[in-house]
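Encoded as structure tokens, the structure appears first; notes follow it.
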Amino acid sequence: MKFSKDAKNAVLIGGLCSASYLAVYFARNILSAVTPQIVAENDATVEYIGIVSSLYFIFYAVGQLINGIIGDKIKAKYMIAFGLLLAGVTNLAFPFVFAYQNAAKFLYAMTGFFLSMIYAPMTKVVAENTNPIHAVRCSLGYEVAALLGSPLAGVVASILVWQSVFITSSAALLVMSALCLAFFIYFERKGIVQYGKYEIRKETERRNNSFIAGIKVLIKNRIITFSFISIITGVVRTAVVFWLPTYFSQYLGFDTKIAPTIFTVATLAIAMSAFVAVFVYERLKRNMDATILLMFFLSSLFFLGVYLVKHPIINVILIILAVLTSNCSAAMLWSRYCPSLRDTGMVSSATGFLDFLSYMAAAASSSLFANSVSTIGWGNLILIWMGLMIFGVVIMIPYKKIFTK
């Protein structure tokens, strides 16, 4: 079976982006995977880890907003390569200064900021250098890579002491930084990656007040609706997943050494969400809205099951399904909606903005979840997660179609 030149180029671009994003998500899931170890072996509390993770999410979120805009102006090879490099350095230093809380908070927050230099420019370079069908496939590729970062972190955390886990993830970031720079230079020379294809449209908008014109274009492309989706799914795919190892050990009673292993299995299953999303999307005749609506509905039902069923094994299965189906909605947002904005010339800015909302919500909720466990308990926290999914159903109901019939 022969592949077209466009398909081959898409594989090359998508493969590099996926490998880079696997390194990113391996690094960003390390703290979650080793939290039970850290709490058991150090004076650190769950609340302190919650603050550290919240700072990370805040800096990552703000970074997405800033770097998303910059990513529409600077070549992706520089944004991605230097983001990986700087994140590798700060992530490497984190375990060595962990005893000094202020320094540890600062370094982990900066790791979040540097990692935020990757996603929006990556989405832009994929959207502008592949056709729409290949762009969706490439986006799904690095979404899968992102989801595989969690089980990879869990595997490494179950083998090594927590300090060595950070060192390993930093090595992955530094290696990918060098590879990205080298391969992007090669892609540019071969014409596989080109920049500025959609700058003419942007220049026209700039003469007519680009900021206002850009907002109008994004609103026309339903940015408000997808902003809510970004917030809702961001809480689940980031904050909820972050606390899964602690949930398994504290609420379900699994040993702290077993919790990372369960986390690995759980996140491996959750990593299949991109494939499930595409399968359902194709069966629903490529109807993105219907796919998102169905996934939110199923997720709310599974979270209800998590609340009602206390058996540890069944509870683990249900929470995996709840997170997986929520992530299916997220997969449609990042893999279908964001690349579709290519013709606006604002893929990086829009993607950065949506990711900013996602991680600001995750930052607020991560700290809130840590404090809520001791006040309202895990059970009521599960109901809050279910409520978010119900809200997702509400905003995706096609009211216009219903009331115009």
Side-chain angles (χ1 to χ4, degrees), residues 1-25 64 67-68 70-81 83-84 117-148 176 179-202 217-218 221 226 273-275 277-279 281-282 286 288 291 330-355:
M1 181 179 179
K2 292 185 177 181
F3 292 96
S4 66
K5 183 179 179 180
D6 288 343
K8 291 178 181 178
N9 291 346
V11 170
L12 290 173
I13 297 172
L16 181 62
C17 290
S18 296
S20 301
Y21 221 47
L22 177 60
V24 168
Y25 266 74
Q64 285 290 354
N67 292 317
I70 296 174
D72 275 326
K73 305 177 185 300
I74 296 178
K75 291 182 178 180
K77 69 178 178 182
Y78 297 124
M79 295 290 291
I80 296 173
L84 291 168
M117 296 171 66
I118 316 299
Y119 185 68
M122 184 184 294
T123 302
K124 177 181 175 66
V125 79
V126 166
E128 294 188 352
N129 290 279
T130 62
N131 65 44
I133 294 176
H134 293 153
V136 171
R137 298 294 182 267
C138 288
S139 299
L140 282 173
Y142 53 78
E143 285 298 315
V144 171
L147 293 170
L148 288 174
M176 281 312 306
L179 289 176
C180 276
L181 186 60
F183 273 102
F184 268 112
I185 291 173
Y186 172 77
F187 290 164
E188 290 173 7
R189 289 177 179 175
K190 293 294 183 179
I192 296 172
V193 169
Q194 300 176 34
Y195 300 98
K197 291 183 178 182
Y198 298 89
E199 294 303 309
I200 295 176
R201 180 188 297 269
K202 289 177 66 180
V217 167
L218 292 177
N221 283 274
F226 284 92
S273 62
F275 297 107
V278 171
F279 178 82
Y281 174 66
E282 295 290 343
R286 298 187 177 180
M288 177 177 62
T291 303
M332 286 291 101
L333 166 64
W334 305 114
S335 303
R336 175 66 182 84
Y337 175 72
C338 288
S340 73
L341 299 173
R342 179 180 68 175
D343 290 341
T344 68
M346 301 172 67
V347 172
S348 183
S349 297
T351 303
F353 171 71
L354 291 171
D355 230 4

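Nothing here was measured: the structure is a model prediction, and the numbers come from that model.
- Across every non-hydrogen atom of Ala23 and Met176, the tightest pair is CB-CG, 3.7 Å.
- Here the closest heavy-atom approach between residue Gly71 and residue Lys124 is recorded as O-CD, 3.3 Å.
- Residue Phe184 qualifies as enclosed at atom CZ: its count of foreign heavy atoms under 6.0 Å is above 12.
- Within the model, atoms CG of Leu333 and OG1 of Thr351 stand 8.5 Å from one another, a figure rounded to the nearest 0.5 Å.
- A distance of 11.0 Å separates SG in Cys17 from CG in Leu12, rounded to the nearest 0.5 Å.
- Heavy atoms only, all atoms of each residue included: Leu354 and Cys338 are closest at CD1-SG, 3.9 Å.
- Counting all heavy atoms, side chain and backbone alike, Gly352 lies closest to Ala120 at N-CB, 3.9 Å.
- For the ring-ring contact (aromatic ring centres under 6.0 Å, His included) test, residues two or more places apart in sequence or in another chain that qualify with Tyr21 are Tyr25, Tyr119, Tyr142.
- Residues passing the salt bridge (Lys or Arg N to Asp or Glu O under 4.0 Å) test with Glu282 are Arg137, Arg286, sequence neighbours excluded.
- Two residues are said to be in side-chain contact when any heavy atoms from C-beta on lie closer than 4.5 Å; Met288 and Tyr281 meet this criterion.
- If you run side chain to side chain contact (heavy atoms under 4.5 Å, CB included) between Phe187 and each of Asn9, Val125, Leu16, Asn129, only Leu16 comes through.
- Smallest separation of non-hydrogen atoms from Ala274 and Ala331: CA-CB, 4.3 Å.
- Of all heavy-atom pairs spanning Asp355 and Gln64, the tightest one is OD2-NE2, 2.9 Å.
- Taken from CE in Met79 to CD1 in Ile70, the straight-line distance is 5.5 Å, to the nearest 0.5 Å.
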